[in-house]
Undergrad: 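Before I ask anything, let me first share the structure, which is written out below as structure tokens.
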Amino acid sequence: MVTQRYISFLSEAFRKWLPVNRWINGCYGFNPDLFPVFLVKLVSVSIFVVLGVLFQGCEKDLDWEESQKGGNLVLFSFLTPDSAFNAHLSRSVSHSSVDDFERVYGGNITVYKNGAIADDFLFPYDKSWTYRDDFSCMPGDTIRIEAADGEGQRVYAETVIPGFVPMEITDTTIVEQISRDNFSERVLQCSLQIDDPAGEENYYQLVVLEQICRKDIINGCKETQVNFSKDDPVFYVRNLEGSLIGGLDFGGCFSDHIFDGENYELTLNLPIQYASAPNDPEADRKLLFVLLSHTRGYYDYYRSRVVAEYGYDLPIIDPIRIYNNVNGGIGLVAGYSSVTDSLVFVNGHASE
């Protein structure tokens, strides 16, 4: 299990990905560089329909009148064992608004765990996110969040906290591979074994982080996310649903579609600079391999958001539906759990 500090890092990363500053009547968009600024409509369109309209969307008119509306409650919460409860509550604004979102005054949130009330509180109108240290959850818990504003609007969403799935590093080696520019390059190849539970659909995300830690400074670690090649078959888009829109990077998300119930060995390659200790003789390099177990809701949300981002750079196309599981409003309530393994590089040598 990852540490409390690392869980907080992951939660913060999720919050930075959220499109919470521009909501349009069930429609929203996200730009990782500008933070949400582009517009997509939230309509019921499957991923296959999205692929089709990429080539036909320019022939259709968009209903711009709908984008002028706003006022829907927006609810987000990402829940994980042994971490504080977190939630975002706001109200959507139209695309033409100069505000990023509308604050909710008199907002209230009620949290149920396995059918019983676990918390009930007023949402602080002057904050984007609230945290409740007294709340805790465990794998298998069913969490329901109900939210209301002072004007009679009510929304709710429910999620189940996924269980911990064992994962460990089984092998590392330096190999040669052909780059996209047809040059030979050396990479650090890592093999991870995932012990997937049988008889159920499981959804994962693999995150790799680098920590550079100085020995002479307490808490003197600098942490960054590592981009790794996603050539393992688990990262291929299921049923080739993305074949018409190119090689989209779904951020390390994958399912157990090809290895349900098996001990699967996943292979990934890291740039060669991560295969040794840093140049600073007083510092060590630590690579954290984190396997997050997601709900189907977060998996669908993340992938649909990536497709929407891709569509932002294309000519005008039909609206792209971003997954939403908040009844009566907009947003996502999802649970996740995580396990981690690591490599430490000291004086040019690696040890698990």
Side-chain angles (χ1 to χ4, degrees), residues 7 9-23 26-33 35-36 38 40-51 74-80 86-88 129 157-162 165 167 194 201-209 225-228 230 232 234-239 241-242 245-257 266 268 289-313 319-326 330-339:
I7 286 290
F9 174 88
L10 293 175
S11 298
E12 179 64 23
F14 289 146
R15 287 190 289 275
K16 289 180 180 178
W17 294 334
L18 297 180
V20 294
N21 78 329
R22 181 72 59 180
W23 296 93
C27 316
Y28 55 94
F30 177 90
N31 184 306
D33 298 318
F35 206 63
F38 72 85
V40 290
K41 292 183 183 177
L42 185 62
V43 293
S44 297
V45 182
S46 70
I47 186 68
F48 298 102
V49 174
V50 170
L51 297 176
V74 179
L75 174 65
F76 269 96
S77 182
F78 295 95
L79 306 169
T80 188
N86 62 82
H88 165 89
W129 286 84
E158 191 171 282
T159 189
V160 176
I161 308 300
V165 175
M167 180 271 296
I194 301 173
E201 294 183 349
N202 294 288
Y203 302 92
Y204 302 108
Q205 184 175 18
L206 182 63
V207 177
V208 181
L209 294 174
Q225 188 166 345
V226 177
N227 185 30
F228 59 91
K230 300 173 180 65
D232 192 278
V234 299
F235 297 116
Y236 295 165
V237 180
R238 182 174 176 180
N239 296 331
E241 64 190 40
I245 55 178
L248 293 185
D249 184 350
F250 288 101
C253 285
F254 61 97
S255 73
D256 65 350
H257 174 62
L266 185 153
L268 67 153
F289 297 79
V290 184
L291 182 69
L292 297 114
S293 297
H294 286 306
T295 61
R296 175 63 186 264
Y298 183 85
Y299 177 83
D300 288 342
Y301 162 77
Y302 191 99
R303 288 162 61 86
S304 60
R305 196 210 68 195
V306 169
V307 174
E309 290 176 17
Y310 178 86
Y312 176 62
D313 294 325
I320 298 173
R321 181 183 187 275
I322 297 181
Y323 180 85
N324 165 48
N325 73 347
V326 175
I330 305 168
L332 184 74
V333 172
Y336 71 97
S337 61
S338 55
V339 296

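Each residue takes its place number in the sequence, starting with 1. Below, all heavy atoms of this structure are taken into account, side chains as well, without hydrogens, waters or symmetry copies.
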Undergrad: Taking side chain as C-beta onward, heavy atoms only, is I161 less than 4.5 Å from Y336?
TA: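 I161 vs Y336: side chains apart.
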
Undergrad: Would you please name every residue forming a ring-ring contact (aromatic ring centres under 6.0 Å, His included) with F254, sequence neighbours left out?
TA: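 Once residues adjacent in sequence are excluded, the partners of F254 under the ring-ring contact (aromatic ring centres under 6.0 Å, His included) criterion are Y204, F235.
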
Undergrad: Calculate, to the nearest 0.5 Å, the distance between atoms CZ and CZ belonging to R305 and F250 respectively.
TA: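 Here the interatomic distance stands at 10.5 Å.
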
Undergrad: Taking only residues two or more places apart in sequence or in another chain, which ones pass side-chain contact (heavy atoms from CB on, under 4.5 Å) with A157?
TA: N325, V326, V333

Undergrad: What orientation do W129 and H88 show, parallel under 30°, tilted 30 to 60°, or perpendicular over 60°?
TA: tilted

Undergrad: Is there a side-chain contact between N324 and L332 in this structure, where contact means two heavy atoms from C-beta onward sitting under 4.5 Å apart?
TA: no

Undergrad: I need the minimum non-hydrogen distance between A334 and T159, along with the two atoms involved.
TA: CA-OG1, 3.6 Å

Undergrad: Contact between D249 and N227 at the side-chain level, heavy atoms closer than 4.5 Å - yes or no?
TA: yes

Undergrad: To the nearest 0.5 Å, what is the distance between NE2 (H294) and OG (S255)?
TA: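 Result: 12.5 Å between the selected atoms.
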
Undergrad: Between Y203 and Y299 (judged by ring centroids, cut-off 6.0 Å), do the two rings come close enough to count as a pair?
TA: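 Yes, the ring of Y203 comes within the 6.0 Å limit of the ring of Y299, centre to centre.
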
Undergrad: Within the 4.5 Å heavy-atom criterion, are V208 and V290 side-chain neighbours or not?
TA: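 When only atoms from C-beta onward are counted, V290 and V208 do not touch, as no gap falls below 4.5 Å.
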
Undergrad: So do Y323 and Y302 actually touch side chain to side chain, heavy atoms under 4.5 Å?
TA: no

Undergrad: I would like to know whether F289 and L268 meet side-chain contact (heavy atoms from CB on, under 4.5 Å); could you show each step before the answer?
TA: CA-CA 11 Å; F289 297 79; L268 67 153; 4.2 Å; yes

Undergrad: So, do S338 and L291 sit near enough that their side-chain heavy atoms are less than 4.5 Å apart?
TA: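 With C-beta onward as the side chain, the pair stays apart.
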
Undergrad: Test of understanding: with salt bridge (charged side-chain N to carboxylate O under 4.0 Å, His left out), list the residues that count as partners of D300, not counting sequence neighbours.
TA: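 D300 satisfies salt bridge (charged side-chain N to carboxylate O under 4.0 Å, His left out) with R296 only.
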
Undergrad: Within the structure provided, determine whether L292 and S337 are in side-chain contact (heavy-atom separation under 4.5 Å).
TA: no

Undergrad: Check the pair V207 / Q205 against side-chain contact (heavy atoms from CB on, under 4.5 Å), numbers first and verdict last.
TA: CA-CA 6 Å; V207 177; Q205 184 175 18; 4.3 Å; yes

Undergrad: Partners of V160 by side-chain contact (heavy atoms from CB on, under 4.5 Å), sequence neighbours excluded?
TA: T142

Undergrad: Mind checking whether V165 and I194 have side chains closer than 4.5 Å, heavy atoms only?
TA: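 A side-chain contact exists here, since the closest heavy-atom pair is under 4.5 Å.
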
Undergrad: Checking L266 against V234 for the side-chain contact (heavy atoms from CB on, under 4.5 Å) test, could you report, in this order, the C-alpha distance in whole Å, the side-chain angles of both residues, the deciding distance, and whether it holds?
TA: CA-CA 8 Å; L266 185 153; V234 299; 3.6 Å; yes

Undergrad: Apply side-chain hydrogen bond (donor to acceptor under 3.5 Å, both in side chains) to D256 and list each qualifying residue two or more places apart in sequence or on a separate chain.
TA: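 N202.
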
